[in-house]
**Student:** 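Below is one structure. I have some questions about it.
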There are 2 protein chains.
Amino acid sequence: MTSENTELSHPGRNDLRLTDVLFALSDPERLAIVRQLAGGPLEMAQCHLSDPSIPKSTKSHLMKVLREAGIIRNEPFGRGRRLSLRYHDLEARFPGLIASVLSACGVESDAGQPGSPAGKP
Amino acid sequence: MTSENTELSHPGRNDLRLTDVLFALSDPERLAIVRQLAGGPLEMAQCHLSDPSIPKSTKSHLMKVLREAGIIRNEPFGRGRRLSLRYHDLEARFPGLIASVLSACGVESDAGQPGSPAGKP
DNA sequence: AGATTGGTTCGAAATTATTCGAACCATCAG
DNA sequence: CTGATGGTTCGAATAATTTCGAACCAATCT
């Protein structure tokens, strides 16, 4: 049977709400996830939480909050899922915001995203 | 009696925590307050909430969250209090963050703050 | 098919935030 | 001093979030 893996719903770029984005980013654990994704997409299984003993239902919920705020994309990938930062959408809707948050939490503005922050012309 | 009006405690510039700042900004009512203060200091009595029937204890609590996150300054002023955005401190600690949040919520980057965003040399 | 891995969803329980009235404090006007 | 205005703080009620186990689903491997 070819019964496509669960497609989760993502808000469209224009439906992103600033307060929801800020809220999702306001949790240390979620922010740490975003930091990891700043380097490029990651399989969920390779995206680690600060405490490895946290149950998967909790991890899934953290991802849900980020996804529903429009911060990350969560798509089927092989037997698991692939997570990615919706950098371009965030940048388009809230220019400079995600870049300043990343830089504030110690992400070297480098490669990883399309129209990344400044740094290398 | 000259018994100084209540001095509230404010976190030092270097004690500002990104997650606290993001959390404080993630509420629409608090964000609206910040928007008003972007134009410069305001007496608390002149700083209005979206719903004018909200009791003053609630308003005071909103200010408390913003103050404890280090976003606003709240100091005695005459018989009331004067509120101001800690733009400079925020900018120093989280470069670009407050500017992008303000611009994302429709604040014309104009005067109002010392080393404000670009716009007018 | 059956077992394994990786992840979502559903409740319920625990934690944390918000809201609001009442009490209180300070300043200014009379 | 008295009253009025402006605001903080406390405590209790309510609302929202977080956390976690159990049940479930999909894809892969044997």
Side-chain angles (χ1 to χ4, degrees), chain A residues 1-10 17 19-33 37 41-69 71-84, chain B residues 1-10 17 19-33 37 41-69 71-84:
Chain A
M1 286 287 217
T2 6
S3 64
E4 208 130 322
N5 198 347
T6 331
E7 276 296 344
L8 299 174
S9 90
H10 294 72
R17 285 197 311 163
T19 51
D20 290 348
V21 168
L22 294 174
F23 178 79
L25 294 173
S26 75
D27 175 71
E29 202 72 58
R30 285 191 300 254
L31 193 53
I33 291 168
L37 296 180
L42 223 51
E43 290 180 54
M44 188 161 179
Q46 318 312 326
C47 186
H48 307 292
L49 301 186
S50 62
D51 178 353
S53 73
I54 286 175
K56 54 185 182 171
S57 57
T58 298
K59 183 175 178 182
S60 187
H61 179 255
L62 291 169
M63 299 305 179
K64 182 183 189 182
V65 174
L66 287 168
R67 172 175 51 83
E68 291 182 334
I71 294 172
I72 68 175
R73 200 174 292 102
N74 180 339
E75 46 193 358
F77 185 71
R79 71 168 156 267
R81 296 191 155 263
R82 188 181 55 173
L83 305 173
S84 50
Chain B
M1 286 290 214
T2 7
S3 63
E4 207 130 322
N5 198 348
T6 332
E7 275 297 344
L8 299 174
S9 90
H10 293 72
R17 285 198 309 163
T19 50
D20 290 348
V21 168
L22 294 174
F23 178 80
L25 294 173
S26 75
D27 175 69
E29 202 72 59
R30 286 191 297 254
L31 193 52
I33 291 168
L37 296 181
L42 225 49
E43 290 179 54
M44 186 161 181
Q46 318 312 324
C47 187
H48 306 293
L49 301 186
S50 62
D51 179 352
S53 72
I54 287 175
K56 54 185 183 172
S57 57
T58 298
K59 183 175 178 180
S60 187
H61 180 256
L62 291 169
M63 298 305 179
K64 182 182 188 180
V65 174
L66 287 168
R67 171 175 53 82
E68 290 181 336
I71 295 172
I72 68 175
R73 201 175 290 104
N74 180 340
E75 45 193 359
F77 186 71
R79 69 166 155 262
R81 295 191 155 262
R82 188 181 57 174
L83 305 173
S84 50

**Student:** For Arg82(B), enumerate each residue passing the side-chain hydrogen bond (donor to acceptor under 3.5 Å, both in side chains) test, keeping only those at least two apart in sequence or located in another chain.
**Tutor:**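 Arg82(B) satisfies side-chain hydrogen bond (donor to acceptor under 3.5 Å, both in side chains) with Glu75(B) only.
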**Student:** Would you kindly give the CG-to-P distance between Leu62(A) and dG7(C), to the nearest whole Å?
**Tutor:**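 About 14 Å, once rounded to whole Å.
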**Student:** Starting from C1' on dT28(D), measure out to CD on Glu43(A) and report it in whole angstrom.
**Tutor:**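 Rounded to the whole Å, the gap is 14 Å.
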**Student:** Calculate the interatomic distance between Arg79(A) atom CZ and dA27(D) atom C1'; express it in whole Å.
**Tutor:**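 Rounded to whole Å, this separation is 8 Å.
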**Student:** Can you measure Arg82(A) atom CZ to dG7(C) atom P for me and round it to whole angstrom units?
**Tutor:**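 In whole Å, dG7(C) P lies 13 Å from Arg82(A) CZ.
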**Student:** Return the value, rounded to whole Å, for the distance between atom CD of Gln46(A) and atom C1' of dT5(C).
**Tutor:**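 Distance, rounded to whole Å: 12 Å.
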**Student:** Considering all heavy atoms of both residues, which atom of Thr19(A) and which atom of Leu25(B) are nearest to each other, and what is their separation?
**Tutor:**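 Here Thr19(A) and Leu25(B) meet closest at CG2-O, 4.3 Å.
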**Student:** For nucleotides 8-17 of chain D, read 5' to 3', which letter fits each nucleotide if B means a protein heavy atom sits under 4.0 Å from the base, S means only the sugar-phosphate is that close, and - means neither?
**Tutor:** BB-------S
**Student:** Can you name the closest pair of heavy atoms from Val21(B) and Ile71(B) and give their distance?
**Tutor:**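 So the minimum-distance heavy-atom pair works out to O-CD1, 3.6 Å.
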**Student:** Residues in side-chain hydrogen bond (donor to acceptor under 3.5 Å, both in side chains) with Arg73(A), at least two apart?
**Tutor:**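 For Arg73(A), the residues satisfying side-chain hydrogen bond (donor to acceptor under 3.5 Å, both in side chains) (neighbours in sequence not counted) are Ser84(A).
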**Student:** Using the side-chain hydrogen bond (donor to acceptor under 3.5 Å, both in side chains) criterion, which residues pair with Asp27(A)? Sequence neighbours excluded.
**Tutor:**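 Counting only residues at least two positions away or on another chain, Asp27(A) forms no side-chain hydrogen bond (donor to acceptor under 3.5 Å, both in side chains).
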**Student:** Restricting to side-chain hydrogen bond (donor to acceptor under 3.5 Å, both in side chains), what partner residues turn up for Ser50(A), sequence neighbours left out?
**Tutor:**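 Applying side-chain hydrogen bond (donor to acceptor under 3.5 Å, both in side chains) to Ser50(A) gives Glu29(A).
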**Student:** Which residues in residues 47-55 of chain A have a heavy atom closer than 4.0 Å to any atom of DNA chain C?
**Tutor:**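 Within this stretch, nothing sits under 4.0 Å of the strand.
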**Student:** Tell me whether Arg67(A) contacts the main-chain N or O of Ser9(A) through its side chain, where contact means a donor paired with an acceptor under 3.5 Å.
**Tutor:**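 Yes; judged by distance alone, with no hydrogens or angles, the pair exists.
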**Student:** Tell me the interatomic distance from Asp27(A), atom CG, to dT15(C), atom C1', rounded to whole angstroms.
**Tutor:**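 After rounding, the gap between these two atoms is 13 Å.
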**Student:** Quick one: side chains of residues 52-65 of chain A, donor-acceptor pairs under 3.5 Å with protein atoms, not counting sequence neighbours, listed by atom name and distance.
**Tutor:**
unit_1	atom_1	unit_2	atom_2	d
Ser53(A)	OG	Asp51(A)	OD1	2.8
Ser53(A)	OG	Asp51(A)	OD2	3.2
Lys59(A)	NZ	Met44(A)	O	3.0
Lys59(A)	NZ	Cys47(A)	O	2.8

**Student:** What's the CG-C1' distance between Leu22(B) and dA17(C), to the nearest Å?
**Tutor:**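 So the CG-C1' distance, Leu22(B) to dA17(C), works out to 17 Å.
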**Student:** Could you check how far CZ of Phe77(B) sits from C1' of dA26(C), rounded to whole Å?
**Tutor:**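 Rounded to whole Å, this separation is 16 Å.
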**Student:** Which atom names give the shortest non-hydrogen contact between Arg81(B) and Pro76(B), and what distance separates them?
**Tutor:**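 Nearest pair, atom of Arg81(B) first, then Pro76(B): NH1-N, 3.7 Å.
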